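Before any comments, here is the structure.
Keep in mind it's a predicted model, so treat the numbers as computed, not measured.
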Number of protein chains: 2
Amino acid sequence: MDGKESCIVRHFSYYYELSEHDKSLLLALEQSPMAVETGTTLWEEGDEAKEFCTFKKGWAYSYRFLENGSRQLIELYLPGDIIGLREFAFSQRLAGVKMVEDGEVCFFPHQHLLDLFRRSFVLTSILFAIASRQQVLITERLVNLARRNARQKLAHFLLEISQRLSQTQTGSLSDSFHLPLSQELFADLLGLSPVHVSRTFSALHEAGLVHRERHHVTLHDLQALKREADFDERYLIDNMRPLFSGLPRISDKAS
Amino acid sequence: MDGKESCIVRHFSYYYELSEHDKSLLLALEQSPMAVETGTTLWEEGDEAKEFCTFKKGWAYSYRFLENGSRQLIELYLPGDIIGLREFAFSQRLAGVKMVEDGEVCFFPHQHLLDLFRRSFVLTSILFAIASRQQVLITERLVNLARRNARQKLAHFLLEISQRLSQTQTGSLSDSFHLPLSQELFADLLGLSPVHVSRTFSALHEAGLVHRERHHVTLHDLQALKREADFDERYLIDNMRPLFSGLPRISDKAS
DNA sequence: CGTCTGCTTGATTCCCGTCAACACCCGTGG
DNA sequence: CCACGGGTGTTGACGGGAATCAAGCAGACG
């Protein structure tokens with residue numbers, strides 16, 4: 001358990017203790033890390049889909065263009081996430097993926113996932129849990145976009161990011177964090193116009209709820225924000241351990 | 001391959017030929033079919049989540065309530081669908097599920113899915129494909145809700161249902177079908193008010209695109225509708241066969 | 001110091017929500 | 001046979017939240 005432990009192993013370990021065998025299978029997915037710069041397009045809608053991608057460093061997002069020229073972001077990806085699961089059953093990409101910041105990614109072919117299914121029951125189950133969690137995230141985003149006003153949308157999004165960052169990064173809940181998104185990205189993410197994003201940020205600022213400068217945000221009154229946004233973090237706090245409770249635990253774990 | 005073949009077997013077979021072994025594993029999930037009436041709640045948000053449910057007959061939908069009392073439908077389920085995959089990694093239901101029409105369902109515990117992972121590589125892969133397809137459906141709905149106006153939303157939804165029905169039911173594309181949804185359900189599904197749903201239906205009717213009476217809809221000019229709604233059916237037409245192309249085919253298939 | 005990109009602010013417009021009245025269907029019961 | 005009532009769909013008037021257009025502003029960088 002050295003300091004440079006892979007973040008995909010860390011991500012998977014969140015669900016269940018991994019055996020050395022499982023860890024080595026996972027590490028095989030991260031064999032050829034690739035540096036990618038801000039703005040790089042990992043793939044576009046319509047590209048052939050035969051690879052997944054694990055995300056080691058940086059921020060990325062998936063998006064769809066509409067006929068009228070507007071764009072909708074689907075999902076934001078943080079380190080440890082797996083990208084492209086959506087297209088497992090498809091031959092074409094259904095959404096593009098772009099980097100928000102410089103980062104590092106590892107591509108691996110769909111076939112490797114099938115190998116995982118064959119070789120590790122635990123990893124298969126965790127993969128399924130990850131896919132199910134992704135679906136839950138998108139579902140919550142759907143509700144957010146369909147039913148809430150601009151203030152609530154923005155507040156909800158900030159709370160979600162705050163929660164996700166504290167789960168995957170520091171481990172401690174931080175109400176102050178780096179958020180490298182332009183207001184145009186906010187707009188495409190929340191289904192608003194850039195103009196209105198600006199206005200909404202100002203409104204939240206005036207209400208004393210949010211402070212933002214440059215690409216750094218701090219949330220001042222978490223409770224008030226949660227009330228305002230109708231935010232319930234349960235959808236982010238998943239855990240498979242109850243499900244696995246019948247399984248034998250691993251005993252040869254490195255201390 | 002008798003006339004009463006299980007619809008879950010039919011659903012799975014859409015992705016890949018199943019061996020007799022796989023079929024019997026699947027059929028075990030449909031052991032105790034249960035009749036459920038219109039309006040029955042299969043479960044509610046917050047209920048303990050330890051079962052899935054296969055859907056044999058009828059229509060159902062999943063939904064979320066918001067603090068302000070409004071409701072958002074997440075997904076519509078048709079026969080052959082599997083319900084509850086979303087909560088695989090969670091201990092609580094994150095959305096309720098209700099029947100639109102009388103139907104028949106089979107519950108089975110999460111553990112059975114784990115058994116499937118252990119026992120059948122092919123079924124595992126197909127399950128993963130189904131989960132990925134569900135994610136794609138929700139994603140498209142998200143884009144629909146976030147970025148399109150009422151006319152486009154409605155048109156898009158009708159096209160999606162038409163396509164899904166023709167894939168799972170008759171097999172032939174029908175532009176005239178039974179659609180047992182009240183305008184209130186339409187509203188909760190599309191993020192509109194019931195009043196505006198009515199207006200939008202009228203508008204589409206006047207434009208000669210849609211005819212509707214009672215719970216029956218017919219689409220008149222599919223091409224025009226698709227143009228209007230920016231509808232691209234590729235997101236509904238998935239197929240894993242290319243992925244499996246390296247696998248041996250099954251030869252002992254019953255003719 | 002000028003230019004470019006991204007943010008802010010104001011004026012106007014429009015889509016859709018809300019409220020309210022009304023029509024309709026259908027079953028009940030007098 | 002008609003009166004009644006609830007649930008559902010329709011139509012109109014009105015208001016509000018967010019889009020759009022346009023101009024001004026502030027950093028970043030050469």
Side-chain angles (χ1 to χ4, degrees), chain A residues 38-39 66-73 98 100-101 143-158 178-207 210-217 228-230, chain B residues 38-39 66-73 98 100-101 143-158 178-207 210-217 228-230:
Chain A
T38 304
L66 280 86
E67 213 171 35
N68 62 25
S70 67
R71 188 173 72 154
Q72 178 61 45
L73 298 211
K98 253 187 202 282
V100 182
E101 275 192 325
V143 172
N144 202 30
L145 287 166
R147 289 287 167 184
R148 296 200 246 253
N149 63 28
R151 248 178 107 115
Q152 295 179 303
K153 285 182 187 178
L154 184 51
H156 194 280
F157 170 70
L158 293 174
H178 175 67
L179 186 59
L181 305 180
S182 69
Q183 304 216 349
E184 195 189 351
L185 278 179
F186 272 106
D188 290 347
L189 186 66
L190 300 176
L192 300 168
S193 66
V195 183
H196 206 65
V197 169
S198 169
R199 285 192 232 272
T200 308
F201 255 125
S202 307
L204 288 180
H205 182 76
E206 272 169 37
V210 168
H211 181 70
R212 157 207 47 136
E213 62 177 278
R214 215 46 70 101
H215 285 154
H216 194 89
V217 178
E228 170 112 31
D230 190 16
Chain B
T38 304
L66 280 86
E67 212 172 33
N68 62 24
S70 68
R71 188 173 73 155
Q72 178 62 45
L73 299 210
K98 253 187 202 284
V100 182
E101 275 192 325
V143 172
N144 202 30
L145 287 166
R147 289 288 168 184
R148 296 199 246 253
N149 62 29
R151 249 178 106 114
Q152 295 179 303
K153 285 182 188 178
L154 183 52
H156 194 279
F157 170 71
L158 293 174
H178 175 66
L179 187 59
L181 305 181
S182 69
Q183 303 216 348
E184 195 189 352
L185 278 178
F186 272 106
D188 290 347
L189 187 65
L190 301 176
L192 299 168
S193 66
V195 180
H196 207 65
V197 169
S198 169
R199 285 191 232 272
T200 308
F201 255 125
S202 306
L204 287 180
H205 182 77
E206 272 170 36
V210 168
H211 181 71
R212 158 205 51 133
E213 61 177 277
R214 216 41 74 100
H215 286 154
H216 195 90
V217 178
E228 171 111 30
D230 190 15

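Taking A:Glu101 as the reference, A:Trp59, A:His178, A:Pro180 meet the side-chain contact (heavy atoms from CB on, under 4.5 Å) condition, with sequence neighbours excluded. Here A:His216 pairs with A:Ser176 under the side chain to side chain donor-acceptor pair (under 3.5 Å) rule; sequence neighbours left out. Every residue two or more places apart in sequence or in another chain that forms a side chain to side chain donor-acceptor pair (under 3.5 Å) with B:Ser70 is listed here: B:Asn68. A search for side chain to side chain donor-acceptor pair (under 3.5 Å) contacts involving B:Gln183 returns nothing, not counting sequence neighbours. Listed by chain and residue number, A:Asp102 satisfy the side chain to side chain donor-acceptor pair (under 3.5 Å) test with A:Thr38 (two or more places apart in sequence, or in another chain).
Rounded to an integer number of Å, the gap from A:Glu206 CD to C:dT8 C1' is 12 Å. Distance A:Leu179 CG to C:dG6 P: 16 Å, rounded to the nearest Å. The CG-P distance, from A:Asn68 to D:dA19, rounds to 13 Å in whole Å. Rounded to an integer number of Å, the gap from CD of B:Glu184 to P of C:dG17 is 14 Å. Atom pair A:Leu181:CG and C:dC7:C1' shows a separation of 15 Å (rounding to whole Å applied). A straight line from NE2 of A:His215 to P of C:dT5 spans 16 Å, rounded to a whole angstrom.
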*Contact state string [nucleotides 10-18 of chain D, B base, S sugar-phosphate only, - no protein heavy atom under 4.0 Å]*: SBBB----B
Distance-only donor-acceptor hits, side chain of residues 185-205 of chain B, under 3.5 Å, sequence neighbours excluded:
unit_1	atom_1	unit_2	atom_2	d
B:Asp188	OD2	B:Arg71	NE	3.0
B:Asp188	OD2	B:Arg71	NH2	3.2
B:Ser193	OG	B:His196	N	3.2
B:Thr200	OG1	B:His196	O	2.6
B:Ser202	OG	B:Ser198	O	3.0
B:His205	ND1	B:Val210	O	3.1

_Pairing string, 5' to 3', for DNA chain C - Watson-Crick or wobble contacts under 3.5 Å, brackets [ ] where pairs cross, | to another strand_ = ||||||||||||||||||||||||||||||
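In this structure, the separation between CD on A:Glu228 and CD on B:Glu67 is 10.5 Å, given to the nearest 0.5 Å. Atom CD of B:Glu184 sits about 9.5 Å away from atom CG of B:Leu73, to the nearest 0.5 Å. Rounding to the nearest 0.5 Å gives a distance of 11.0 Å between NE2 of B:His156 and CG of B:Leu158.
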*List the steps and the verdict of side chain to side chain contact (heavy atoms under 4.5 Å, CB included) for A:Gln72 and A:Leu145.*
CA-CA 11 Å; A:Gln72 178 61 45; A:Leu145 287 166; 3.8 Å; yes
Return the polar atom pairs (N/O with N/O) between nucleotides 21-28 of chain C and the protein under 3.5 Å, or none.
unit_1	atom_1	unit_2	atom_2	d
C:dC26	OP1	B:Arg214	NH1	3.0

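Nearest heavy atoms, A:Asn144 versus A:Arg148: OD1-NE, 2.8 Å.
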